[in-house]
Structures are given as C-alpha cells and as structure tokens.
Amino acid sequence: MSPSDHPPSDPSEPPPAAPPPLPAVRVLYDVETIAARNRALATEIAAIEPQRLLVVCVLKGSFVFAADLIRALHAAGVAPEVEFMILSSYRTSTVSTGRVQILRDVESEVRGRDVLLIDDILESGRTLAFAKDLLAARGAARVLTCVLLEKPGKRAVKIDADFLGFRCPDLFVVGYGMDIAHAFRQLPFVGVVEHSETE
Ligand code: IMP
Ligand code: MG
C-alpha cells in the first residue's frame, strides 16, 4: 500500500490512544560493557583452540548474546557452525520443578566435535546441565558452556560455566534477549525493571 492509499484522517475523530508507557528499566550492564566482555570471552574461547566447533544457542533468552558472541569469535579467528536448541524447564510461576524437555533439538551430528553451549542465565543449573549431559552422551569431544550471567547461591545442580560474562546480583533481569512476559528482549543492555505490574 502506498502512502497515497491511506484514507484522509477525519479531523472530528480523536487521535488513537497512545499505548501505555513501559515500566522503567535500570541499566545493570550497558552496551559498551557487554561488548568489551564479549571480546574478552571470545579471546578466552579462541585460546582453548576448539576443534570443528559447533555453537549451540539455547533459545530463547540467549539469542542476542549468541549473535554478538559468534561475531566476536569471528574477530578472534574462530569459525564455528551454529545450531539452536529450545529447552523448557517446567516451572510453577516462579519455581523450577526440575524436569527439562526438548522442544527443538539440534540437527547436526555432534560426535567427535567440540560443542559450545550458550545460555543467558545460569540459575538452578538444571537447563544447562541437561543440555551438557545430552550432547556429551551423543559423543561430543568436549562440551563447553558459556553463559552471559550467573546468579549466585541458586544452584540446584552442580555445574559451573566454563566461560562467564558477569556474576550478577539476585535480581530479575531483562533486555539483551531476556524477557519478562515476552517484553524487553529488544533492549540493547541488561537491566532491572524498576516498577512492574507483576510485582
Ligand atoms: P536454570 O539455570 O535451569 O534455573 O534456568 C535459568 C533460566 O531461567 C534462564 O536461562 C532464563 O531463561 C530464566 N531466568 C532465570 N532468571 C531470569 C531473569 O532474571 N530474567 C529472565 N530470565 C531468567
Ligand atoms: Mg534460558
């Protein structure tokens, strides 16, 4: 439809109501801080000289981080293939029940390859531990893990990330791919919702 196809607006009608304002988000890690950390992470990952590297992005929350990190890896001289996996950990509204289900699996053969799992947040550790065990059981040479954020004191399963962006305070964070009720994934920084209707 070209602009000329729009009917002329009726001056007697009130203008459409503006959408309600989104709650304010306080910046925790800004764009420059995240970019610098991604470059450092890529250098650390390149230093272990991964072989036939397959990056597995654990959707959805890690998609922005993974997109930036693979480009930082390219700048560091690493040429991975990239795959995606969707896992759901059953939760009541706030509490993880511990069961993890595969909603979408990787399509590539992982046998004999180094795999780098990328996730957004390491909290109970159940999601990452499940994915790591699964890919190891399929014969990956090494399964390495990289998470943007780690929340302290929350682990239910014994797992540490091999590569960590930031150890973050125990707050609900959004942005840079992460959401609360599907909102805020588009923010270029990681932040904390100041006033939310869900609070
Ligand atoms: P866990 O380590 O298996 O408990 O899973 C952690 C997952 O919970 C993360 O990958 C996120 O999807 C989600 N999550 C935990 N804390 C937050 C948060 O503060 N903001 C957004 N998502 C979160
Ligand atoms: Mg997640």
Side-chain angles (χ1 to χ4, degrees), residues 22-31 33-34 37-38 41 45 54-70 82-106 115-138 140 143-199:
L22 285 170
V25 178
R26 176 167 56 85
V27 177
L28 213 53
Y29 304 105
D30 65 22
V31 170
T33 304
I34 294 170
R37 194 70 197 109
N38 285 343
L41 284 172
I45 294 164
L54 180 67
V55 161
V56 176
C57 171
V58 182
L59 294 172
K60 303 175 185 168
S62 70
F63 78 107
V64 176
F65 176 43
D68 282 348
L69 189 62
I70 60 170
V82 183
E83 274 268 16
F84 304 91
M85 184 175 235
I86 305 181
L87 300 174
S88 100
S89 46
Y90 282 100
R91 288 169 177 264
T92 58
S93 56
T94 52
V95 182
S96 167
T97 61
R99 287 180 57 213
V100 180
Q101 193 188 20
I102 304 169
L103 301 183
R104 186 204 187 275
D105 207 342
V106 297
V115 174
L116 180 69
L117 277 167
I118 299 184
D119 206 353
D120 54 354
I121 302 181
L122 182 58
E123 202 177 54
S124 76
R126 288 191 178 104
T127 316
L128 204 58
F130 175 89
K132 186 173 176 171
D133 290 349
L134 182 76
L135 296 170
R138 289 179 183 167
V143 185
L144 301 155
T145 55
C146 179
V147 298
L148 177 66
L149 304 174
E150 178 191 83
K151 288 195 188 172
K154 292 267 176 163
R155 212 73 84 251
V157 174
K158 197 175 175 317
I159 184 170
D160 284 316
D162 298 297
F163 305 97
L164 170 64
F166 305 96
R167 208 156 267 132
C168 89
D170 188 15
L171 298 167
F172 199 87
V173 297
V174 297
Y176 200 60
M178 296 173 286
D179 72 311
I180 182 167
H182 306 293
F184 300 116
R185 290 195 199 273
Q186 79 285 2
L187 298 178
F189 54 85
V190 175
V192 179
V193 178
E194 300 267 63
H195 303 290
S196 144
E197 282 168 23
T198 59
E199 281 174 352

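Just so you know, ligand 1 is whichever comes first in the structure, and atom 1 is the first atom listed for that ligand. By convention here, the first residue in the shown sequence is residue 1.
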For ligand 1, which part of [X] has a heavy atom less than 4.0 Å away: the side chain, the backbone, both, or neither?
X      : value
Val100 : neither
Lys154 : neither
Val173 : both

Answer with yes or no whether [X] contacts ligand 1, where contact means a heavy atom under 4.0 Å from a ligand atom.
X      : result
Leu128 : no
Lys151 : yes
Val58  : no
Gly125 : yes

Residue [X] vicinity, atoms of ligand 1 by number, heavy atom under 4.0 Å:
X      : value
Leu171 : 19 (O)
Asp179 : 21 (C)
Ser124 : 1 (P), 2 (O), 3 (O), 4 (O)
Thr127 : 1 (P), 3 (O), 5 (O)

- Would you please say whether a donor-acceptor pair under 3.5 Å links the side chains of Asp162 and Thr145?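 Side chains of Asp162 and Thr145: pair found under 3.5 Å.
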
Between [X] and [Y] (side chain of the first, backbone of the second, donor and acceptor by atom type, cut-off under 3.5 Å), is there such a pair?
X      : Y      : result
Arg37  : Leu164 : yes
Arg104 : Phe84  : yes
Ser62  : Ile118 : yes
Lys151 : Cys168 : no
Arg26  : Val193 : no

- Would you call the rings of Tyr29 and Phe166 parallel, tilted or perpendicular, where under 30° means parallel and over 60° means perpendicular?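 Rings of Tyr29 and Phe166: parallel, as their planes differ by under 30°.
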
- Item | From Val147, Val174, Leu59, Ile121 - option closest to atom 23 (C) of ligand 1 by heavy atom |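 Ranked by closest heavy atom to atom 23 (C) of ligand 1, first place is Ile121.
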
- Do the side chains of Ile102 and Leu134 get nearer than 4.5 Å, heavy atoms only?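 The answer is yes, as the side chains (C-beta and beyond) meet within the 4.5 Å cut-off.
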
- Query: Does the side chain of Phe65 reach to within under 4.5 Å of the side chain of Leu41, using non-hydrogen atoms?
  - Reply: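 Heavy-atom side-chain distance check passes, below 4.5 Å.
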
- Message: Met178 versus ligand 1: do any nitrogen or oxygen atoms come within less than 3.5 Å of each other?
- Response: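 No - when backbone and side-chain N and O of Met178 are compared with those of ligand 1, no distance drops under 3.5 Å.
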
